[in-house]
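Below you'll find the structure, written out as structure tokens, and then a few comments.
Naming: A, B, ... by sequence-line order, numbering from 1 per chain.
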Amino acid sequence: MIRRGLALAAAALLALAPLLAPPYQVTLLLPAFAYGIALLGLNLLFGTAGLLSFGHALFVALGAYTAAGLTTRYGVLSFEAIVAAAAGLAAVVAVPVGLLCVRYVKIYFGMLTLAFGMLFYSFLYKFYALTGGDEGLRVLRPLLLGRPFAELDKVGFLTGPFYYYALALLALATLAMRRIVRSPFGLSLRAIRENADKAAFVGVSVRRYRFYAFVIAAVFGAVGGTLLAVPTGLADPLLAYWTHSGNLVFMLLLGGFEHFLGPLVGALAFIFLQDLVMSLTAYWRFVFGALLAIVVVFFPRGLLGLVAPERPA
Amino acid sequence: MQRILNLACGSFYALGAYTGVSAVTWALGHGLPAPLFLLVLVASGLALAVIGPPVERLLRAVYDRDESFQLLLTFALVLMFEDVMRFVWGTAPVQLGNAYLVYGRLAVAGSTVPVYNLVVIAAGGLVALGMGGLLTHTRFGRIVRATAENREMSAALGVDLRRVYARVFTLGVALGTVGGALVIPATAAVNEMAIDVVVEAFAVVVIGGLGSMRGAFVGSLIVGVLKAGAIATWPEVEMLAIYVVVIGVLVLRPAGLFAGAAP
């Protein structure tokens with residue numbers, strides 16, 4: 001009950017943010033929302049099913065490039081259509097990739113997903129005519145629910161309609177993921193994580209469920225990717241690079257992968273910390289590396305693990 | 001050998017490259033005859049191995065945890081080393097004057113090859129032979145192989161696991177730093193070196209098979225030939241081809257081409 005109250009209070013605070021906070025802070029929330037959605041997917045794999053993907057950035061980049069390709073190449077500006085296309089494309093890509101990856105667990109799963117991520121990166125980087133190569137592709141301002149909001153400048157658009165659109169999408173994604181995690185399917189995934197042999201013995205189709213989790217995670221990753229690309233206005237190949245996947249896992253661990261809301265907390269904390277540290281020193285990677293090392297060694301349960309030590313069901 | 005996938009190996013390589021440049025520039029400035037620069041490179045690489053034990057000490061904290069955490073800790077090291085290099089050597093590429101051609105060129109089969117390339121190839125072969133000899137013909141090598149095979153058993157038989165791990169890791173660091181130092185006359189040291197090299201090293205290790213020395217050697221040949229071949233014929237697929245092979249190997253023979261053939 002308290003937990004739910006806190007979550008609702010946080011949601012209300014986020015809804016009021018554009019009225020209370022300066023525009024810069026509000027624009028910082030946008031990538032945090034985008035990463036939040038992508039991390040919900042990543043955490044279905046890691047926190048729920050026990051599979052650590054080091055190639056989740058593939059799907060984030062896929063979403064970003066879908067937004068870029070549709071707006072600049074095909075003149076599709078409806079953001080609903082973009083999100084739907086990104087989700088569909090991610091599912092299509094995730095089927096063959098997932099079928100291969102879920103045959104393995106642990107480190108082999110991580111390596112295989114990393115290899116696929118890098119495969120996609122080199123495709124984005126080298127096929128200049130199709131993807132813009134290292135310059136990437138521009139993302140034009142999309143229509144939200146069919147409305148262009150032409151009267152607003154860029155900041156006004158991002159901190160106004162687009163902010164609420166992203167927040168609504170995040171809320172939808174969170175609710176959808178909650179349904180998934182709490183369903184019998186989610187329960188089966190947790191059983192597989194704890195003991196795959198036992199799960200198989202009581203009739204859980206281990207590989208098939210892992211595969212479903214992989215595809216769902218991919219869809220969440222791509223939806224997050226579309227949101228990520230609009231504020232920056234650019235989709236570039238580094239989105240698919242392995243260090244980006246590493247950062248995603250970092251955010252998840254920072255928030256706490258054992259908690260359902262860990263991904264959202266991690267995304268928020270990461271973005272604001274990054275902004276803070278970058279404003280203080282040019283060597284923010286060093287600070288973040290040290291921070292990650294500390295989290296991994298001393299606080300593997302992340303920020304939420306500090307506040308709420310037991311594992312909620 | 002240690003069953004740790006170290007993402008930071010690329011950082012050691014880059015660190016070796018940067019230090020190599022500084023050491024050689026310094027030595028040449030102090031009147032070292034140019035042809036001796038190779039020795040300086042190797043020495044600076046070996047000297048850098050001192051960072052091995054402290055890093056290993058840090059990684060020890062997660063030996064017993066899930067591999068995912070080991071992977072993440074080495075990722076943290078990658079981030080930190082990258083900024084250390086940025087701090088010390090700046091963001092501009094660092095290059096070694098004209099040491100590359102000090103040894104002259106050689107005409108081989110119609111094309112000219114800088115002799116230095118041959119030196120590096122020879123050094124690679126020597127290291128491979130040396131490692132093979134170390135692992136198969138020395139007491140230390142036997143202990144390392146036994147530990148890799150079954151750590152509880154070798155601990156029960158009186159092997160000091162901590163010392164073995166510290167030494168193996170330091171040896172790995174030394175190979176990385178010397179390797180980085182050796183390429184530097186032919187190329188420039190750049191900030192992105194570490195994270196670019198590690199994916200190639202990753203490809204090599206996967207193709208060859210984790211924990212197999214012979215596999216690593218063959219894997220590096222495959223990756224090198226594949227890269228050169230792709231650049232010569234269809235440059236767009238250079239990296240693509242490598243990852244296709246990596247995925248193929250992981251899917252068909254996840255333990256690598258040389259599984260079971262480890263010395």
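- Proximity to chain B is limited to the side chain of A/L52, based on heavy atoms less than 4.5 angstrom apart.
- A/G289 and B/A76 get closest at one heavy-atom pair: O-CB, 3.2 Å.
- Listed options A/F288, A/F250, A/W242 were ranked by heavy-atom pairs under 4.5 angstrom with chain B; first place goes to A/W242.
- By the side-chain hydrogen bond (donor to acceptor under 3.5 Å, both in side chains) test, A/Y35 is found to be paired with A/H244, residues two or more places apart in sequence or in another chain being considered.
- With a 6.0 Å radius and a threshold of 12 heavy atoms from other residues, nucleotides or ligands, B/F75 has its CZ atom above the threshold.
- Contact detail for B/L72 and A/V249: the closest heavy-atom pair is CD2-CG1, 3.5 Å.
- A 6.0 Å sphere centred on CZ of B/F87 holds no more than 12 heavy atoms belonging to other residues, nucleotides or ligands.
- Between B/D83 and A/F286, the shortest heavy-atom contact is OD2-N, 2.9 Å.
- Note that the CG atom of A/N247 and the CG atom of B/L79 stand 6.5 Å from one another [nearest 0.5 Å].
- Neither the backbone nor the side chain of A/F120 comes within contact range of chain B; no heavy atoms are under 4.5 Å apart.
- Contacts between A/L253 and chain B at a heavy-atom distance below 4.5 Å involve the side chain alone, from C-beta outward.
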